[in-house]
Structures are given as structure tokens and as C-alpha cells.
Amino acid sequence: MIEKGGYIRDIFQKPVGTSVTAYGWVKTRRDSKGVHFIQLNDGSCFQDLQIVIDAGTLPEDVLSQATTGACLRVGGELVESPGAGQSVELKAREMHVYGPADPQTYPLQKKGHTMEFLREIAHLRTRSNTFGAVFRVRNALSFAIHKFFQERGFLYLNAPIITTSDAEGAGAMFGVTTLDLMNLPRTETGEIDYDRDFFGKKAGLTVSGQLEAEIFALAFSNVYTFGPTFRAENSNTPRHLAEFWMIEPEMAFYDLEDNRKLAEEFLKYIIAYVLDTCAADLELFNKRIDNTVLSTLVHVAGSDFEHVTYTEAIAILEKAGRAWEFPVHWGVDLQSEHERYLTEETFKKPVVVTDYPREIKAFYMRLNDDEKTVRAMDVLAPRIGEIIGGSQREERYDVLLNKIRAQGLPEEAYWWYLELRKYGTAPHAGFGLGLERMLMYVTGMKNIRDVIPSHPWLRRVLNRRKPHPMRALL
Ligand code: 4AD
Ligand code: MG
């Protein structure tokens, strides 16, 4: 029995002469006279382990099955590698094929595939170089996010996924119901009778864990959520998903300035962590996807973000002399073209925009003394636009109640949220980072659908003959 070698990542650390067993999937195979070469990868690192098989060492029926895509166990001895780019290679003595892959039909070939094609084989694309790198970086980012908050004493909480409150007040919730859709119960006035539904109320999937995080911040001081969120908004863009992951810290006794500083420190920290731990993966993105990724990350990790108020941002955009698709004047929401102008042309780095008009922001944001703007902040990044949205929260009972009423929101649904202001209220603030937007920024990937563990049924949805308005969101 040959000693188990563990991950390929660890095998590279072992000295020449060690007997190891490697497990993984064949990336490529090359046969030359008297010797066969296999590139084996188990996802633990970017680098493939080169397997060298001298002709005649292994039974022909085993060797013939070890083609691209096959899953293998290979035992042998580590030898010095004459090839560039790797220190050791594995000289095979024994091989077992767990799962062959018919080379005639296996869809992942050595030639570069388009992202569109890879999206159609989402169940196999995880074995490609690019997607291996995407998901290792996603893993590193997630770990860095927890590390950042845990090192600062924040309490991690899991906000509920099924909820009855639309945190953003934007009506973009997916419904959750057990009612028979073919035979809906009706009230006397003809509306759907949610009293008879599972929760006795209209319920849906959460669009944000913020309101629940506020409950916790007003008991544990500093907290964060990190979980799935859902939005049924019809934004057919490369940066919107129907299901995405959001990180939402919430801090008692923080004002907008503290919030902004924490967001900047946080983004720099997680970028530095990825630069430190995913060098080989980032090299790949720099080479294959976007040759500015590495220099941008190094630059961002080491420089201060820009800060402008919404009013200042509008002035810059008005002076730009551009024919905007969405015309600019004080009061309009910033569109992607405006966000990109500010980050890519004006400042050439991330920009924090604060103090937006109250009409275009959510009801919970703290009203400024001018009564026209709220203590909102968006962090905008080059290429991506908004990656963080946040604010100082309205902690004054009367002001909050007025805003809920002014926006026509159902007051009774927010009774508990109002009570947090009635009993022991405190100034507090927080923000939300979209994990996938951050991952796009770090990797340079152009489409948000290429940084998610996409569903195998996506292919069917994409191939639907009649285009569905939501299809690009999946
Ligand atoms: O700006 P948003 O809507 O803010 C909130 O949800 C607040 N409750 C956050 C808070 O203050 N705790 O969303 C926050 C971030 C955005 O900046 C973006 O990165 C991401 O979530 N996001 C999306 N990512 C992918 N697909 C979508 N449809 C997204 N909508 C928002
Ligand atoms: Mg936002």
C-alpha cells in the first residue's frame, strides 16, 4: 500500500524520492515515443501535477482509459521535473481509473472555450482552469470576510431567509406560499387571502438581512450577516443575479463617517488577503481575462478611496460634457454609465458617494438636517459600479415613522422595527457588500453568471425558445 499523498497542493511541497498517491481528474494527456504525460488536477491549486508513465509500466487497458476528463488514482515516486514551471513530477508505478470519460464526447477540450459555452456545461466547467481559479478565489474571499470581522469582535448571525418584510421597500421579493395557485382563496373584496397561507401572511425570500442585523446590533453592538439574498428585479444585466450572497455588517454607535472608514478598511483587507493567498489564480485572470487586474488590486489595496457627496458627483457629471443615455440633474439616481465615469475617468479608483436625495433611497436611512438628503453611502468601483450600499440608520422614532408613512409602507409590518427606536435606541450604521460583485472586481470576470456555482438546469432555461425576461438573472 502506497502512502496517501493528500492534496496535489501538498504533494508539491514533498521532497524528491517520496512515495505518494495522487487523486484527481485528467486535464490533458500527451503521448510520445516510450513515455506518456498526464496533467492531473484535484482543484486544490492551479498547478497540475505532471504524471510520467514509462511505456510498459502500466497495463494497456488501464492506461488507455486515462484520457482527458477521467478520474484517477496514481501511485508512484516524486522525481525532479526537468520541465519548466514545476519542481516535481510523479513517476507512476500504479494507476486506478475510477471513472473514464469518453474522449469523443467529453465537452471540455484543451482548446479555449467561450464563456457562453462553458455556462451551458456548468456541471463540468468547474474542472476548467478559469473556473477552478474563480472558485478558489471565491473561497478565499469568503474566509477573509469572516476573518476580518471575527478579528474585530463582530458577532456572526444568520438572518432568516423566509421573511414578511421587504427590507429595501422595493417590492422585488420572490413569494413563498403553499396556497394552491390553481385555486387561490379570496377575501370578500377579491384579494388573495393570505390568512389561509402557511404563515397566515404574505411571505417571501429575503432581499436583505439588514433589518434583522439591526435587532442584533442593538444588543450585541457589532454584528454581521453573510448569507443568500434574493431579488426578483428585472435587471437584465451582467451584474445582477436573482440569487446572490450578501455580507451585511451593522454597528451600534457608528455614524456615516465610521461606516465609510470600515467599508474601506474591509475592502482593502480582503483584497490584500486574496493577493497574498491566491497568487497563481490571479496570474491566470491577469493573463486570460483582464491584464489590469493585478495592478489594479495592488493599487487599490494601498491607496485611499475617494469621497464625494452626491451633490458634488452630480456637479462633476454635469460638467463632463457627455451625451448621457440617462440625463443628469440633481435628484436622479446614478446609473451605471455615471458610476463608471466617476470611477474610471474622474478618479481612477474606488469612490464613496454619500448623502443622496431622500426620494431615491430606502426609508431607513437617516435624514440629514437639510431634510433633502439622507446619510447614504455607495462604494463604486471601476468596471463594476456599485459594490457596496449602506447608510447611517434613522434612529429617531418620530422621523422614522414619518418616513414609513410618507413612502406608503405598511406601518403595522414594521412595528418591531419601530420598537427598536422606542426602547433603547442608539445611533447605528451598516452596509452590504455583494459577494459576486466583489468577486467580479477581484477576478476581472465580465459576467456575474461566471462567478456563481450555476445550476445544472440553467442550460434548459437558456435554450428556451421564447426569451424570458428573467432568464439572464439566473
Ligand atoms: O444597495 P443594496 O440594495 O443595499 C442593501 O440591501 C442594504 N440593505 C445593505 C445594508 O445597508 N445592510 O445592496 C447591497 C449590495 C450592492 O451594492 C451590490 O453589491 C449587491 O448588494 N447587490 C446585488 N448583487 C448581485 N445581484 C443583484 N441583483 C444585487 N442587488 C444588490
Ligand atoms: Mg444599492
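Order of listing sets the numbers, starting from 1, for every ligand and every atom in it.
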Atoms of ligand 1, numbered as shown, that sit under 4.0 Å from any heavy atom of [X]:
X    : result
G390 : 11 (O)
S208 : 6 (O), 8 (N)
Y364 : 7 (C), 8 (N)
G389 : 1 (O), 9 (C), 10 (C), 11 (O), 17 (O)
R239 : 25 (C), 26 (N)
G434 : 15 (C), 19 (O), 20 (C), 21 (O)

Think [X] forms a cation-pi with [Y], using NZ or CZ under 6.0 Å from the six-ring centre and within 45 degrees of its axis?
X    : Y    : result
K403 : F363 : no
R421 : Y417 : yes
R138 : F135 : no

Q: Run down the list E233, R231, Q210 and name the one with the heavy atom closest to atom 28 (N) of ligand 1.
A: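 The residue whose heavy atom sits nearest atom 28 (N) of ligand 1 is E233.
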Nearest-contact summary for [atom] - protein heavy atom, Å:
atom                    : answer
atom 14 (C) of ligand 1 : M246 SD, 3.4 Å
atom 5 (C) of ligand 1  : E168 OE2, 3.4 Å
atom 1 (O) of ligand 1  : E386 OE2, 2.9 Å
atom 22 (N) of ligand 1 : F244 CE1, 3.5 Å
atom 11 (O) of ligand 1 : R393 NH2, 2.9 Å
atom 15 (C) of ligand 1 : G432 O, 3.6 Å
atom 26 (N) of ligand 1 : L241 N, 2.9 Å
atom 9 (C) of ligand 1  : E248 OE2, 3.2 Å

(Q) With a 4.0 Å cut-off on N to O distance, would you call R405 and E411 a salt bridge? (A)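 The answer is yes: the pair qualifies as a salt bridge.
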Q. Does a salt bridge link R322 with E345, judged by any charged N lying under 4.0 Å from a carboxylate O?
A.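 Yes.
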Q: Mind running ring-ring contact (aromatic ring centres under 6.0 Å, His included) on F226 and H146 for me, showing each step along the way?
A: CA-CA 9 Å; F226 185 175; H146 281 295; 5.2 Å; yes
Q) In E386, the N, O or S atom nearest to the Mg ion (ligand 2) is which? A)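 Atom name returned: OE2.
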Is the gap between the ring centers of [X] and [Y] under 6.0 Å?
X    : Y    : answer
F154 : F148 : no
F230 : F174 : no
F305 : F347 : no

Q: For G430 and N259, work out which heavy atoms get closest and say how close.
A: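 So the minimum-distance heavy-atom pair works out to O-ND2, 3.0 Å.
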Q | Part of T229 within contact of ligand 1 (heavy atoms, under 4.0 Å) | A |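 Neither part.
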Q) Do any nitrogen or oxygen atoms of L433 come within less than 3.5 Å of a nitrogen or oxygen of ligand 1? A)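 No - when backbone and side-chain N and O of L433 are compared with those of ligand 1, no distance drops under 3.5 Å.
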Q: Report the relative orientation of the aromatic rings in Y341 and W324; use parallel for angles under 30°, tilted for 30 to 60°, perpendicular for over 60°.
A: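 Perpendicular.
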